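Accompanying notes for the structure given below.
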Amino acid sequence: MPFTIATWNINSVRLRMPLVEQFLERYSPDVLCLQETKCADDQFPAAAFRKAGYEHMAIHGQKGYHGVATIARRPLKLVEKREFCGMGDSRHISVSVDAGAGRSVLLHNFYVPAGGDEPDPAINPKFRHKLDFLAEMHALRAEENGNSGTILVGDLNIAPLETDVWSHKQLLKVVSHTPVETEGLERLRREGGWVDLMREKIPPEEKIFTWWSYRAKDWALSDRGRRLDHIWSSPNLSPSLNRIEVLREARGWDRPSDHVPVIAGFDFG
DNA sequence: ATGGTAGTCGAACTA
């Protein structure tokens, strides 16, 4: 039984709803996890999602900033909207989603703080917040729950491998690729028992990006991207992974998000 | 070496 899940930092779901509709029509994932929805829950375009065939949704938004939402064609149950660092930010939501074949997958959707410009927690509270947030994420484990499992997706705002950025050397002191972040994220992944599903299908020698700055004159030509968006799972699910797709073309759509969708496809026998 | 763009919401904040 096929099961597909997509994650996409949409940078305003209301502004980009036409792109989301186009994406859903073309790729029809079973589940779509959005980050940076940037609207309060009563402003969320739920009717448009229903019209597109996605009747099940769990949303955790706030006015103007951040915000995550998990929407699905299959039934889901809200598990938790967890608050991190006592900040009151909407940066996490977890659901239990029917993945077919008698499976019910626990799915975490995250928007990790970007961390500001200065990679020094002593002088930059945003960077301190990012490190504290990662530390709190250690509470989540990739538990297997019998025949189902756990998936963690989202904009983690860290590019952990050298090949996750356009230039490892030039980004070593740039927030998202500093050693305290890259080593911290890898430690979080290992200690939590997570598998990096994108790197199961795309060898670590190969560069792969999911985000390109709006500030580049020509994002595709300079290709100065980073892999900030991730799909992790518990080890029991990785043998069923049959596809990873990074939708690079979405960065070239009209009025795009600066992130592109990442899709994981499973085949649960 | 700096500034470059895109959101929200109507100035200044975040990314």
Side-chain angles (χ1 to χ4, degrees), chain A residues 7-21 23 33-45 48 59-69 83-92 109-121 123-134 153-160 164-167 169-178 180-182 185 209-230 247-262:
Chain A
T7 180
W8 194 6
N9 177 319
I10 197 62
N11 188 16
S12 174
V13 67
R14 289 176 296 171
L15 191 68
R16 260 173 270 286
M17 201 56 204
L19 290 189
V20 175
E21 286 163 344
F23 169 74
C33 295
L34 295 171
Q35 303 87 34
E36 280 207 89
T37 51
K38 292 190 172 177
C39 64
D41 291 352
D42 60 2
Q43 306 261 43
F44 191 82
I59 57 183
H60 186 194
Q62 68 182 84
K63 185 179 174 180
Y65 303 102
H66 322 314
V68 291
E83 184 185 340
F84 285 77
C85 306
M87 300 275 291
D89 286 352
S90 299
R91 296 181 178 275
H92 165 268
N109 178 0
F110 271 102
Y111 175 50
V112 172
D117 288 332
E118 182 55 59
D120 180 351
I123 61 173
N124 176 8
K126 292 182 195 168
F127 197 69
R128 174 81 270 158
H129 178 211
K130 186 176 196 175
L131 300 182
D132 291 345
F133 195 101
L134 284 180
V153 308
D155 176 4
L156 305 186
N157 264 316
I158 297 173
D164 291 336
V165 292
W166 63 276
S167 168
K169 280 190 180 167
Q170 289 182 78
L171 289 176
L172 270 169
K173 292 181 177 172
V174 173
V175 170
S176 74
H177 195 62
T178 64
V180 66
E181 294 169 88
T182 58
L185 190 71
F209 310 141
T210 65
W211 171 91
W212 293 261
S213 173
Y214 281 127
R215 297 174 187 174
K217 280 193 179 73
D218 184 333
W219 71 273
L221 183 66
S222 55
D223 200 20
R224 295 186 167 188
R226 305 177 200 169
R227 182 171 73 114
L228 303 179
D229 302 275
H230 299 269
L247 219 61
R248 182 185 166 102
E249 64 171 69
R251 185 62 179 78
W253 291 349
D254 189 42
R255 295 204 78 189
S257 169
D258 46 354
H259 296 251
V260 299
V262 183

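Chain identifiers are assigned alphabetically (A, B, ...) following the order of the sequence lines, protein sequences preceding nucleic acid strands; residue numbering begins at 1 within each chain. All of these numbers come straight from a predicted model, not from anything done at the bench.
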B:dG7, OP1 or OP2 - any side-chain N/O from A:R16 closer than 4.0 Å? yes
With heavy-atom distances below 4.5 Å as the criterion, would you say the side chains of A:C39 and A:V13 are in contact?
yes
- Say you pick atom C1' in B:dA6 and the same atom in B:dG10; how far apart are they, in whole Å? 16 Å
A:W211 atom CH2 is separated from B:dA15 atom P, nearest whole Å, by 13 Å
- Student check: side-chain heavy atoms of A:W8 and A:V20 closer than 4.5 Å: yes
*Salt bridge A:R248-A:D223, side-chain N to carboxylate O under 4.0 Å*: yes
* To do: Determine the Euclidean distance between corresponding C1' atoms of B:dG4 and B:dA15; express it in Å to zero decimal places.
  => 14 Å
query: So does A:R91 get a side-chain nitrogen or oxygen closer than 4.0 Å to the phosphate oxygens (OP1/OP2) of B:dA15?
result: yes
If the cut-off is 4.0 Å, is A:R215 near the phosphate of B:dA15, judged by side-chain N/O to OP1 or OP2?
no
| Can you tell if the side chain of A:N9 reaches within under 4.5 Å of the side chain of A:W211, non-hydrogen atoms only? | no
Rounded to whole Å, the CG-P distance (A:D117 to B:dG3) equals 13 Å
note: A:L15, atom CG; B:dT5, atom C1'; distance rounded to Å ~ 14 Å
From CG of A:D258 across to P of B:dT8 the rounded distance in Å is 13 Å
From CG of A:N124 across to P of B:dT14 the rounded distance in Å is 10 Å
When A:N9 and A:Y214 are each assigned the nearest nucleotide of DNA chain B, the 5'-most assignment goes to A:Y214
A:Q62 CD to B:dT14 P, in whole Å, measures 12 Å
note: A:E36, atom CD; B:dA15, atom P; distance rounded to Å ~ 7 Å
From CZ of A:R14 across to C1' of B:dG7 the rounded distance in Å is 10 Å
- prompt: Do the side chains of A:F209 and A:R251 get nearer than 4.5 Å, heavy atoms only?
  reply: no
By nearest-heavy-atom nucleotide on DNA chain B, the more 5' of A:D155 and A:P256 is A:P256
*Verify the contact: side-chain N or O of A:K63 to OP1 or OP2 of B:dT8, cut-off strictly under 4.0 Å; return yes or no.*
no
